[in-house]
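Presented below is the structure to which this report refers.
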Amino acid sequence: MTSDSFKAIQQQHRILSQQLHHHSYRYHTLDQPEITDAEYDQLFKKLLDIERQHPELITTESPSQRVGSSPLSGFIPADHATPMLSLENAFNESDLRDFDARVKRFLSTTEDLEYLCEPKLDGVAVALTYEQGKLIRGATRGNGITGEDITQNIRTIGAIPLQLQNDYPQQLEVRGEIYMELDAFRKLNLQRREEGGATFANPRNLTAGSLRQLDPKLTASRPLTISCYGIGNISGEMPKTHQQLLESLSRWGFKVNLSIVQTAKNMETVISRYAELQRIRETLPYEIDGMVIKVNSIALQQELGAKSRTPRWAIAAKFPARQEQTILESVRLQVGRTGAVTPVANLRPVTVSGVTVSSASLHNWDEIDRLDVRIGDTVIVERAGDVIPDIVRVVAEKRTGDEKPISEPSFCPACDSILVRETDEVVPRCQNLDCPARLKESLKHFCSREAMDIEGLGDRQIDQLLRLKLVSSIADLYRLRREDLFQFERMGERLADKLLQAIAASKQRPLENFIYALGIRHVGKHLAKVIVHHFNSLEKLAAATTDELLELHEIGPQVSDSLVHFFAAENNRNLLQELHELGIDPQKEERISGDKFQGKIFVFTGSLERFSRKEGTALVEAQGGRASGSVSKKTDYVVAGSEAGSKLTKAEQLGITILSENDFLELIGQG
Ligand code: IVH
């Protein structure tokens, strides 16, 4: 290769890296993406292609390093240049007033002090060291003096900058809290439940567990993020206030919770903010367990200094724990679609931080044994991240002796057939494939949004379908007639037609949705995608042998057994055949088909006759381009139908290429 062409590749690599850093920052830190995920993936693929051919271009700052390096054999200790202190706690307003008085006494002042109120995120504290703007180390807090070096895991977190921006200082150590948003946590737990794995108690535990992985690729697969709240040390000039420090951190590329942080002109204002933050706590997309109050002036912080383990200039005002006592009145048994029978506690209703709780998951009989919980017991319930509350422990002192043990059932509560508990399982299972409870759960799963997405067929409607005996299998959904639906409560002609349309539309769902919808044990949304990517068609998957399945990196013996059994079972084969005859023929979705319009922005305007706006957008996206709703300097093409108005005028003024519908189709190769 000539040095000129290598230079060109080097240049292309640099531009791609910059673009990827920019888009990752827009997505992870600002939450304002400018391009779609598919567009990002395409840029990323290009970068990987270059790096595969020219590994010498890979640096530690390359966006490719976010996917995680090879596994480590252990974590090495990381000393903190400045100790990572912890915070004193306040539990009520009076504790806060005492804190204010202490600070004033120390500073020998009676004047009001300005404070900064920050949310106290419930996650894992980390220290991030940057030299010349490059991330060189990420460490846990440990005992405050020495933590663990988790740099390789830290690098996989999209919201942590690998390279700083703007007027960053040459030396900087930033402190922040790594956490997981509640939605992501719930989704992950749901997925694990579906795939048969153990679930996590709360987002904090999951975050801590994800950061302590020796395989950084595993950390990379967990949707972690960060909120930065301070520094360990900094070269150059120190900002005047903590608020300004946070603004600087944000400017340098860090994620900071600036929209929630507030200054307070005195302690009374802090106290009202404390009450307010407690009220909005439930509406936040992440868990907070209190509010951190800091003296805003950095000069005063320095004057106040620290005691052995805690600074004098800050305090954590904790929120009350989301725990309450109540009585476990009875236990009901739930039958899942795979036949798993799980116990759920019916509780005497109790309000836990503003939400009425009347049931809690007991998970399985091992958990019941571990808690030694009985019917009639007084129990502590806790709401922690997951939608379903947990029973934390039994209040043994309140036992009267009348409590009754919760025994494991021998018969299915829905169909009365005998239950079987395999040696390596924590729950017994109903083996009856026609069990009405299993059918109901299978139907619910089949129709759910992430599966076949049949709008209008929710829990209530499925209950009615079963009660009216209109369906006795998944295939029956596709045999429903208009007049059948009129037997429903409150079902008019329009609604019935809409429902039938939604059922018919589901015939076109992509193959990965269909495979997920079948509810094969251990096959969640993600695995369904992986399987489709590899096998391309239902026929090939159904014919796959254990060995062929095991060739896939993400499939282990449990999943391969489950798939082979599923496709070998006669009733499943019959169901697939019936569905096929009813016109359900799901195909692999063809995604991006080219990159002719890579990075190009199109605007469709006026009334289009040869294709809809949606189809036009899909055509553009299939070629790596993007459609936007408004014309700007960045627009590359405006496709104008008849009666195009102001957008066309603006495009003309800006000198943007204007295409007719025919021009567009020709350009895209469909003219
Ligand atoms: S300031 C010297 N600010 O709470 C200042 N901490 O017990 C020390 N935390 O280990 C920390 N949000 O992990 C500070 N806005 C915030 C915080 C915060 C969460 C955590 C942090 C620390 C613990 C203090």
Side-chain angles (χ1 to χ4, degrees), residues 78 80-91 95-96 99 103 115-128 138-148 150 154 157 159-160 173-181 202-205 207-208 211-212 224-234 238 241-250 254-264 270 273-274 277-278 280-281 284-298 300-319 321:
H80 299 298
T82 318
M84 284 183 85
L85 300 176
S86 90
L87 291 171
E88 248 173 65
N89 289 328
F91 296 98
D95 289 351
L96 284 173
F99 167 73
V103 173
Y115 291 105
L116 196 65
C117 303
E118 300 174 4
K120 184 170 187 295
L121 274 108
D122 200 8
V124 175
V126 288
L128 310 171
T140 59
R141 178 171 179 276
N143 60 10
I145 307 294
T146 306
E148 281 177 326
I150 53 163
I154 287 291
I157 301 173
I160 295 182
E173 194 206 293
V174 174
R175 306 267 166 97
E177 195 86 352
I178 308 229
Y179 66 99
M180 192 181 287
E181 291 210 338
N202 54 51
R204 210 204 74 81
N205 286 5
T207 303
L211 284 177
R212 280 201 50 87
L224 299 174
T225 186
I226 192 170
S227 174
C228 298
Y229 52 68
I231 53 165
N233 52 55
I234 185 170
M238 183 71 180
T241 65
H242 205 89
Q243 164 87 20
Q244 283 168 13
L245 170 68
L246 296 184
E247 284 162 5
S248 298
L249 289 179
S250 167
F254 294 99
K255 193 169 153 192
V256 183
N257 227 324
L258 283 174
S259 61
I260 297 203
V261 170
Q262 274 188 12
T263 52
V270 167
R273 180 64 182 159
Y274 176 47
L277 202 57
Q278 225 172 121
I280 64 170
R281 176 187 193 189
L284 295 176
Y286 42 79
E287 288 260 38
I288 59 173
D289 60 347
M291 180 172 99
V292 181
I293 298 123
K294 297 174 181 171
V295 170
N296 198 17
S297 153
I298 302 279
L300 292 183
Q301 285 185 5
Q302 282 164 350
E303 196 177 330
L304 283 155
K307 293 190 278 187
S308 67
R309 294 186 52 238
T310 56
R312 286 195 193 86
W313 47 268
I315 193 160
K318 302 288 285 236
F319 293 150

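Just so you know, ligand 1 is whichever comes first in the structure, and atom 1 is the first atom listed for that ligand. Start at 1 with the first residue, then count along the sequence.
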Original post:
Residues two or more places apart in sequence or in another chain: which of them pass side-chain hydrogen bond (donor to acceptor under 3.5 Å, both in side chains) with Arg281?
Top reply: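 Listed in chain order: nothing, the list is empty.
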
**OP:** For Ser86, enumerate each residue passing the side-chain hydrogen bond (donor to acceptor under 3.5 Å, both in side chains) test, keeping only those at least two apart in sequence or located in another chain.
**Re:** none

Subject >> Side chains of Glu118 and Leu246 in contact at under 4.5 Å (non-hydrogen atoms) >> reply: yes

Subject >> Any Ile315 side-chain heavy atom under 4.5 Å of Thr310 side chain >> reply: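 SC-SC contact between Ile315 and Thr310 ruled out.
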
Original post:
Name the one of Asp122, Thr225, Asn257 that satisfies side chain to side chain donor-acceptor pair (under 3.5 Å) with Tyr286?
Top reply: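 Option passing the side chain to side chain donor-acceptor pair (under 3.5 Å) with Tyr286: Asn257.
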
**OP:** Quick one: list whatever passes salt bridge (Lys or Arg N to Asp or Glu O under 4.0 Å) with Arg204, sequence neighbours left out.
**Re:** none

Pairwise, report which nitrogen or oxygen atoms of ligand 1 are under 3.5 angstrom from protein nitrogen or oxygen atoms, and how far apart they are.
| residue | atom | partner | partner atom | Å |
| --- | --- | --- | --- | --- |
| ligand 1 | 3 (N) | Lys294 | NZ | 3.1 |
| ligand 1 | 4 (O) | Lys120 | NZ | 3.4 |
| ligand 1 | 7 (O) | Leu87 | N | 3.3 |
| ligand 1 | 12 (N) | Leu121 | N | 3.3 |
| ligand 1 | 13 (O) | Glu177 | OE1 | 2.4 |
| ligand 1 | 13 (O) | Glu177 | OE2 | 3.4 |
| ligand 1 | 13 (O) | Tyr229 | OH | 3.4 |
| ligand 1 | 15 (N) | Glu118 | OE1 | 2.7 |
| ligand 1 | 15 (N) | Pro119 | O | 3.4 |

